[in-house]
2 protein chains.
Amino acid sequence: MTKIQKVAELAGVSTATVSRALAGKDSVSPATRVRVEAAAKELGYVVSAAASSLASGRTRNVGVVTPILTSWFYTTVLKGAQRALADSGYDLTLYLLDTNPGSDLPHASNPRRRQLFEDFLQRKRVDALLAISLELEQEELDHVRRLDKPVVGLGGPLPGVPTLSVDDRAIASLATDHLIALGHTQIAHIGGNPDFELDFHLPSNRRDGYEGALTAAGIPIQPLMVRSADFTIAGGYDATLQLLGDPRVHPTAVFAASDEMAIGAILAARDLGKSVPGDLSVIGIDGHELGGFFGLTTIDQHPEAQGRRAVDVLLAEIESGTAKPKPDNTYLPHDLVVRKSTSSPTPVSSD
Amino acid sequence: MTKIQKVAELAGVSTATVSRALAGKDSVSPATRVRVEAAAKELGYVVSAAASSLASGRTRNVGVVTPILTSWFYTTVLKGAQRALADSGYDLTLYLLDTNPGSDLPHASNPRRRQLFEDFLQRKRVDALLAISLELEQEELDHVRRLDKPVVGLGGPLPGVPTLSVDDRAIASLATDHLIALGHTQIAHIGGNPDFELDFHLPSNRRDGYEGALTAAGIPIQPLMVRSADFTIAGGYDATLQLLGDPRVHPTAVFAASDEMAIGAILAARDLGKSVPGDLSVIGIDGHELGGFFGLTTIDQHPEAQGRRAVDVLLAEIESGTAKPKPDNTYLPHDLVVRKSTSSPTPVSSD
DNA sequence: AGGACAAATGTAAACGCTTGCGTAGTTTCA
DNA sequence: TGAAACTACGCAAGCGTTTACATTTGTCCT
């Protein structure tokens, strides 16, 4: 391993200057900088991350905590974050915080979570933390605060931490309004399961948006029209099966709280011999890559861009060194993407 | 931040002893160990990763390089790797090595790859590297060798590096034999696209296994029965549409090289009004979580276990400090999972 | 009882960088 | 033209551990 000393000798300067030149600091003359860079390249010199971080207190490493990995939305956010970090020369350390299935312990007792908050994060291994859809308990929040490092939340409201998220109510309203505008009045909703391991605000906000839009349009809310599922294709499928099999309701459209559930709804409708959108219009949320394949109308929430944005905010905080930025929430953009899973309802003979 | 010095004082020992006690080394008396641990806990002491790694040369951090993130198989492997690492107190640094789309440059010229191999990896940020489905060019391989750190390949043959992988030929044979045993003779194959960004051995090995099984059973190989796609649902769908629309062939079964393509095949068959398995049997590879939902017969290759296994090997190498373990390949287990997408062919009137 | 050996602990030298402070040398300006 | 203000760079003190080596203490033989 070549060390900085060798580079300094070859370039004919002190190690201090090499360090400054390579770190891209000003106060190094252009000529010197060039010489140092040439020397470094010639010797194949790369700074030792450990030494650099010990001396500077910075690691060039950002921790990303996600509750789920095997879901398109999360991996896409992660992809955006990874790319943005790599572009800025940062490493991404991945922490997976899935609750052990079946366990109903408070989060703080989950050993994996304890390990993360009490051990890993405390070792100064990361400069900042990006928390995706994370709900933290008080104790965990305290641990995070103690780090005194930038923390940004994506998708979930974290008290005392700046967050980015889409406006779930607005998205749900937009989706519902789209169906209303097409002439639907019998609109069902497949919401996310609130006891899912994710942040519980999201399902309820989406439901609120749905109900708000109906009410605003003077359409009565029918509790039987609302089902919940676990955000997966299978979950959306089952919920739709139940919905369409219930003689008490006659939905002509379904608004699913995720694209995967919406896809499940499309498959269920087909399996029941109903056509989409002829017999049932379906709209989802996410902007899933399979949306085009299924002709799914959706609200794209640009997950990859969300990952990038979150990292941008995080890096800005790291650079600025601001200990306590305003803990407010910023809304991220979303877009209605109309495909062929939604249309006006076909008039039906009342039965 | 409490440092080791404080702990030493509180426990009434030297910093050396604290270090040894906390690292779990022997040659510390049980009584002392207990006292040190108590002191550390009381002060909330956690070692500084930077200092520790500078002094010891170890980072407790493993790099994982994957070519794809938004695919169930890869994220599941990653999940297995993450969990195994977390269980052993290691961090996982994620590197994403997707080629920029459209670019046909040699890998070594891809800026993201350069950055990874020439910069990130050289900084001693990781103790070891897990390369998933990675094909490296000579230059990149040299960089990796220069690290002189344990490297394990998963799923792709890396010259000079120990690898783990399933036996793709055997899997393909098993899948094909399953169809043959059911009585099929008109068996199509949807293989992975060889110019896909992944390792190209995989698609060709699977195709070899398919052809081998046919030949062994005395069934002629029909080139028109073989299509390739990009491993996705949409890809499998299109390939199947073509296959079933081609008047020159009459497949009664399809062996797809991935579960996602197999799911696409099922959807395509349905859209063409064919029943599965009545008109078309479908078998895939992977063990995808949606397999149950679609009733898909598949060869489960236990991706999460693959991730765990790979990490186990990696950690064993780190512990042993063996610089150069035998660069051989170990095959991982796979299992046929029979569901309802395969059955005996229904006799058809020859047309 | 004396020496040899092992067990437990202490001493202090790395580990390889960053950066505050200081110093020459160079401009700038009245 | 002399002081003030920069600019570019060197010096050396850390940063917080780990660990080779030395030391102490206790145990076991003969």
Side-chain angles (χ1 to χ4, degrees), chain A residues 1-37 39-40 43-61 89 119 122-125 127 148-149 318-319 321, chain B residues 1-37 39-40 43-61 89 119 122-125 127 148-149 318-319 321:
Chain A
M1 273 287 106
T2 342
K3 346 198 218 185
I4 202 172
Q5 182 63 43
K6 296 283 175 194
V7 180
E9 285 167 12
L10 182 56
V13 293
S14 71
T15 62
T17 300
V18 173
S19 175
R20 286 188 277 248
L22 261 29
K25 306 218 172 167
D26 30 339
S27 78
V28 172
S29 76
T32 307
R33 186 180 304 269
V34 168
R35 236 173 333 120
V36 169
E37 280 166 356
L43 298 173
Y45 171 77
V46 183
V47 297
S48 149
S52 172
S53 49
L54 178 57
S56 71
R58 274 171 271 107
T59 66
R60 298 230 117 206
N61 196 11
D119 188 28
Q122 306 295 328
R123 300 193 190 182
K124 296 199 196 175
R125 288 182 165 180
D127 287 341
D148 201 35
K149 294 200 154 63
I318 293 175
E319 308 289 317
Chain B
M1 275 285 108
T2 345
K3 349 197 213 184
I4 202 171
Q5 183 62 44
K6 295 283 175 194
V7 179
E9 285 167 12
L10 181 56
V13 293
S14 71
T15 62
T17 301
V18 173
S19 175
R20 284 188 281 248
L22 262 30
K25 306 219 172 166
D26 31 338
S27 79
V28 172
S29 76
T32 307
R33 184 179 304 267
V34 168
R35 236 174 333 122
V36 169
E37 280 166 356
L43 298 174
Y45 171 77
V46 183
V47 298
S48 150
S52 172
S53 97
L54 179 57
S56 72
R58 272 170 274 107
T59 65
R60 299 230 116 206
N61 197 12
D119 188 29
Q122 307 295 329
R123 299 192 190 185
K124 295 199 198 178
R125 287 181 167 182
D127 288 340
D148 201 35
K149 294 197 155 58
I318 292 176
E319 308 290 314

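What you see is a predicted model, and the numbers here were worked out from it, not measured in a lab. When reading the values below, keep in mind they use all heavy atoms of this one structure, side chains included, and skip hydrogens, waters and symmetry mates. Chain A is the first sequence line, chain B the second, and so forth, proteins listed ahead of strands; every chain is numbered from 1.
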**Request:** Verify, without hydrogens or angle tests, whether A:Arg33 (side chain) and A:Arg20 (backbone) share a donor-acceptor contact under 3.5 angstrom.
**Result:** no
**Prompt:** Under 3.5 Å, is there a donor-acceptor pair between the side chain of B:Ser52 and the main chain of B:Val47?
**Reply:** no
Could you tell me whether [X] contacts a base, only the sugar-phosphate backbone, or nothing, with contacts defined as non-hydrogen atoms closer than 4.0 Å?
| X | result |
| --- | --- |
| A:Lys25 | sugar-phosphate |
| B:Arg33 | nothing |
| A:Thr32 | sugar-phosphate |

Euclidean distance, [Y] [atom2] relative to [X] [atom1], rounded to 0.5 Å:
| X | Y | atom1 | atom2 | result |
| --- | --- | --- | --- | --- |
| B:Gln5 | B:Leu43 | CD | CG | 11.5 Å |
| A:Arg58 | A:Glu319 | CZ | CD | 8.5 Å |
| A:Thr15 | A:Glu9 | OG1 | CD | 10.5 Å |

Looking only at the side chain of [X] (C-beta and beyond, no hydrogens), which of the listed nucleotides [options] gets closest?
| X | options | answer |
| --- | --- | --- |
| A:Ser29 | D:dA8, D:dT18, C:dT19 | D:dA8 |
| B:Ser48 | D:dG10, D:dT17, C:dC17 | D:dT17 |
| B:Lys3 | C:dC15, C:dG10, D:dG16 | D:dG16 |

Protein-nucleotide distance ([X], atom [atom1]; [N], atom [atom2]), rounded to Å:
| X | N | atom1 | atom2 | value |
| --- | --- | --- | --- | --- |
| A:Arg20 | C:dT18 | CZ | C1' | 9 Å |
| A:Ile4 | C:dT18 | CD1 | P | 5 Å |
| B:Gln5 | D:dG16 | CD | P | 11 Å |
| B:Arg125 | C:dC17 | CZ | P | 14 Å |
| B:Tyr45 | D:dG16 | OH | P | 10 Å |
| B:Arg60 | D:dT17 | CZ | P | 16 Å |
| B:Leu54 | C:dC15 | CG | P | 9 Å |

With respect to the phosphate group of [N], does any side-chain polar atom (N or O) of [X] fall under 4.0 Å of OP1 or OP2?
| X | N | answer |
| --- | --- | --- |
| A:Ser19 | C:dT19 | no |
| A:Thr17 | D:dG10 | yes |
| B:Ser52 | D:dT18 | yes |
| B:Arg58 | C:dC15 | no |
| B:Ser14 | C:dG10 | yes |

**Complete:** The answer to which of B:Ala55 and B:Ser27 contacts DNA chain C further toward the 5' end, by nearest nucleotide, is B:Ser27
**Prompt:** Of A:Gly57 and A:Ala51, whose closest DNA chain C nucleotide lies nearer the 5' terminus?
**Reply:** A:Ala51
